[in-house]
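Structure record follows, encoded as structure tokens.
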Amino acid sequence: MTLTTSQPTLLADWARGYASQPNEYDDLIDTIEGDIPRELHGTLFRNGPGLLDVGGVPLHHPFDGDGLVCAFSFAAGRVQARSRYVRTAGYLAEQAAGRILHRGVFGTQRPGGWLANAFDLGLKNIANTNVVYWGERLLALWEAAEPHRLDPKTLETLGLDQLDGVLRPGDPFAAHVHIDPFCHWDGGAPCLVNFATRPGLNTTLQIYEFAPDFRLLRQQELQLNGFAFIHDMALTPNYCIFFQNPMRYDALPYALGLHSAAQGLVSEPGRPTRIHVVPRHPSLGEPRSFIGAPGFVWHHANAYEEDAHLVIDSVWYDSYYGIGPNQNFRRIDFGALPPGRLARIRLDRATGAVERTVIAERCCEFPVLHPAHVGRAYRYVYLAAGDPPTGNWPQQAIWKVDLASGAQTLWSAAPRGFVGEPIFVARPRSSAVAGYVTPDVGDPQRNAAPGEDNGWLLTLVYDAERHTSALVILDAQDLQRGPLAQIRLKAQIPHGLHGSFTSAVFLE
């Protein structure tokens, strides 16, 4: 069964979730249904495009929308929430002018046709993809430019952050940071790892590793042959892993103002995927490249080392697809597009062999796991998924896959609810990996049980019937129990991208 435009109600509900949200809220919560776990302690930050039009002119692609950050801070069964736009230079200029001033990366053009856009190759930093709290800095991330620093309590924009001189003005810094929970190169301390790419005829790849106080620990640069569009990476204790999707780039129409930058991305399904394995330390030798199956990957779930093998779990598509200049993303035909499916790569470092296996057919995206298992062997992965088991659908369910037993469980917000990325929050004092114990907060009698799935899943859900959103808290060990709490908001928050959780609390 596939979704086509013959399901107009479902498509209309999904599209309405992309209504522009011009308002900001210091008190975002309307009502709370159920009970917030008293042990849930910390702050969920979430980012995504919030303005889907400027001056009444709709954007051509939702990924071009300005970043709207939401914060939910929890302590002792209480919660406070607020939302605020990242006040980038482009956001402020367009709000003052009341019209589109910048070309969007994924499809939006300035009004006036190709003449109004030709040879304007500047990029508007929209700070809309992720938000992370590290080293007492809250950073809104967008992979084509440097991050914006925010006040973690008020979400006020403090300005661009070059990370104490690590970045130069305009340098890219990817939106998918990865945190090694206990880095053996640093005596077991946690380490934040990120990367940046500068695509061209050949692609420059930068890798950065930061201490908990945001000191730069390690940095390396390498050249990849050919054009590389890389959105995410996978991490193990010893390696950074990058998938170079089989694509080429047609830059001339972009330069001539005929379409946006990302509309020059062209998938080449017949070509293989190149998998680059980059050692995190010089003692491990030189980077190596492997040849994998054709396809396209936005996001990786996890990776780990197993004897001579590397195991990488990712969401695979048959090919890349974008929104063309003459298409309307709100009328997208899901059934005509390739679904993302959870798949596993086994890479043999001794022989160079690469094997790919599809784990399940359900369409899915935004994979997450227990943070202690990043880069380590793990059992459970959680994803935003389609409600039906096959076909390509909007994300309406949270899906748990047991990679050991093959068991799968699902909580669905269908027929009129649409889920965002789930965020796993470990229950205090639960222990999933030797060396990792979550903070001791709450009742120790209730929280002493170990377990990789001992925690909660937090996801923002758009309710098309009410045209509002709610933060839903699920028991990660029992999704079919349903929501422990639904924090209903005063407004609709457009379908978002990524977020993160910190144990720091910012309650007033």
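For reference, positions follow the sequence shown, starting with 1.
- Within the 4.5 Å cutoff, side-chain heavy atoms of Q263 are placed close to those of P325.
- Interatomic distance, T203 OG1 to F242 CZ, rounded to the nearest 0.5 Å: 12.0 Å.
- Between F195 and V278, every side-chain heavy-atom pair lies at or beyond the 4.5 Å cut-off.
- Ring to ring, H495 and Y462 are close: their centroids are under 6.0 angstrom apart.
- Taking the six-membered ring where tryptophan is involved, the planes of H299 and H498 are perpendicular, since the angle between them exceeds 60° and thus also 30°.
- A side-chain donor-acceptor contact under 3.5 Å links N128 to the backbone of G65.
- Counting only distance, with no hydrogens or angles, the side chain of Q492 and the backbone of Q21 share no donor-acceptor pair below 3.5 Å.
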Evaluate the criterion side chain to side chain donor-acceptor pair (under 3.5 Å) for residue pair E94 and H102; output intermediate values, then yes/no. CA-CA 8 Å; E94 290 188 335; H102 304 276; 4.6 Å; no
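- Rounding to the nearest 0.5 Å places CG of N194 at 11.5 Å from CD of Q206.
- Atoms CZ and CZ, on R215 and F210 in that order, are 11.5 Å from each other to the nearest 0.5 Å.
- Using modelled atom types, one side-chain atom of S83 and one backbone atom of Y25 make a donor-acceptor pair closer than 3.5 Å.
- Atom CG of L460 sits about 6.0 Å away from atom CG of L489, to the nearest 0.5 Å.
- With hydrogens and angles ignored, the 3.5 Å screen pairs a side-chain donor or acceptor of R110 with a backbone N or O of A116.
- F501 CZ to Y133 OH: the interatomic distance, rounded to the nearest 0.5 Å, is 13.0 Å.
- In this structure, C240 and Q220 have side chains that are not in contact, with every pair of non-hydrogen atoms separated by 4.5 Å or more.
- Between F229 and F296, the ring planes lie parallel to each other; the angle is under 30°, not in the 30° to 60° tilted range.
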For salt bridge (charged side-chain N to carboxylate O under 4.0 Å, His left out), just list the numbers for R481 and D475, CA-CA rounded to whole Å, side-chain angles, deciding distance to a tenth of an Å, and then say yes or no. CA-CA 7 Å; R481 179 181 175 185; D475 184 341; 3.2 Å; yes
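- Judged by distance alone, the side chain of N302 and the main-chain N or O of H373 form a donor-acceptor pair under 3.5 Å.
- A side-chain hydrogen bond (donor to acceptor under 3.5 Å, both in side chains) with K124 is found for one member of T88, D66, D64 and no other, namely D66.
- N392 and P338 make their closest contact through ND2-O, 4.1 Å (heavy atoms, listed as atom of the first residue, atom of the second, distance).
- Checked by atom type and distance alone, the side chain of R198 never pairs as donor or acceptor with a backbone atom of A196 at under 3.5 Å.
- Side-chain contact check for V425 versus F74: every heavy-atom pair is 4.5 Å or farther apart.
- Taking the six-membered ring where the residue is Trp, F106 and H61 present tilted rings, their angle falling between 30° and 60°.
- Aromatic ring centres of H300 and H178: separated by at least 6.0 Å.
- When side chains are defined from C-beta on, N245 counts as touching V297, because their heavy atoms get closer than 4.5 Å.
- Annotation: side chain of P483 is in contact with side chain of L474 (closest heavy-atom distance under 4.5 Å).
- Every residue meeting the salt bridge (Lys or Arg N to Asp or Glu O under 4.0 Å) condition with D463, not counting sequence neighbours, appears here in chain and number order: R466, R488.
- The two residues S260 and Y254 make their nearest non-hydrogen contact at C-CD1, 3.6 Å.
- For the residue pair E365 / Y317, a side-chain donor-acceptor distance below 3.5 Å is found, with atom types taken as modelled.
- A donor-acceptor contact shorter than 3.5 Å is absent between the side chain of Y18 and the backbone of F329.
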Side chain to side chain contact (heavy atoms under 4.5 Å, CB included) between Y91 and T157: does it pass, once the steps are laid out? CA-CA 12 Å; Y91 169 87; T157 302; over 6 Å; no
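- One N or O on the side chain of E146 and one on the backbone of G170 form a donor-acceptor pair closer than 3.5 Å.
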Intermediate values then yes/no, side chain to side chain contact (heavy atoms under 4.5 Å, CB included), N47 and N130: CA-CA 5 Å; N47 200 354; N130 203 352; 5.5 Å; no
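- Here the side chain of R362 pairs a donor or acceptor atom with the backbone of P388 at under 3.5 angstrom.
- Under the 3.5 Å distance criterion, the side-chain polar atoms of R82 are matched with a main-chain donor or acceptor of K153.
- Using a 4.5 Å cut-off on side-chain heavy atoms (C-beta onward), V472 and I398 make no contact.
- D53 approaches P58 most closely through the heavy-atom pair CB-CA, 3.8 Å.
- The CZ atom of R137 sits 5.0 Å away from atom CZ of R149, with the distance rounded to the nearest 0.5 Å.
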Stepwise ring-ring contact (aromatic ring centres under 6.0 Å, His included) check, F243 with W316: CA-CA 11 Å; F243 284 23; W316 279 83; 5.7 Å; yes
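- Residue E136 qualifies as open at atom CD: its count of foreign heavy atoms under 6.0 Å is 12 or below.
- Between T459 and Y382 the shortest side-chain heavy-atom distance does not fall below 4.5 Å.
- For the 3.5 Å distance criterion, the side chains of Q109 and H60 fail to qualify, holding no donor opposite an acceptor.
- The two residues L141 and F173 have their closest heavy-atom pair at CD2-CD2, 4.1 Å.
- Annotation: D213, atom CG; neighbour count of heavy atoms from other residues, nucleotides and ligands within 6.0 Å is above 12.
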Would F334 and L10 count as a side chain to side chain contact (heavy atoms under 4.5 Å, CB included) here? Give the steps. CA-CA 11 Å; F334 278 84; L10 181 57; over 6 Å; no
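- Contact record, W393 with C363: N-SG, 3.4 Å, taken as the closest heavy-atom pair.
- Checked against D13 for a side-chain hydrogen bond (donor to acceptor under 3.5 Å, both in side chains), the options H467, R416, Q396 give a single hit: R416.
- Of all the heavy atoms in P253 and D250, the pair that sits closest is CD-OD1, 3.3 Å.
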Chi angles and distances behind the side chain to side chain contact (heavy atoms under 4.5 Å, CB included) call for R46, I423: CA-CA 10 Å; R46 177 262 193 204; I423 299 293; over 6 Å; no
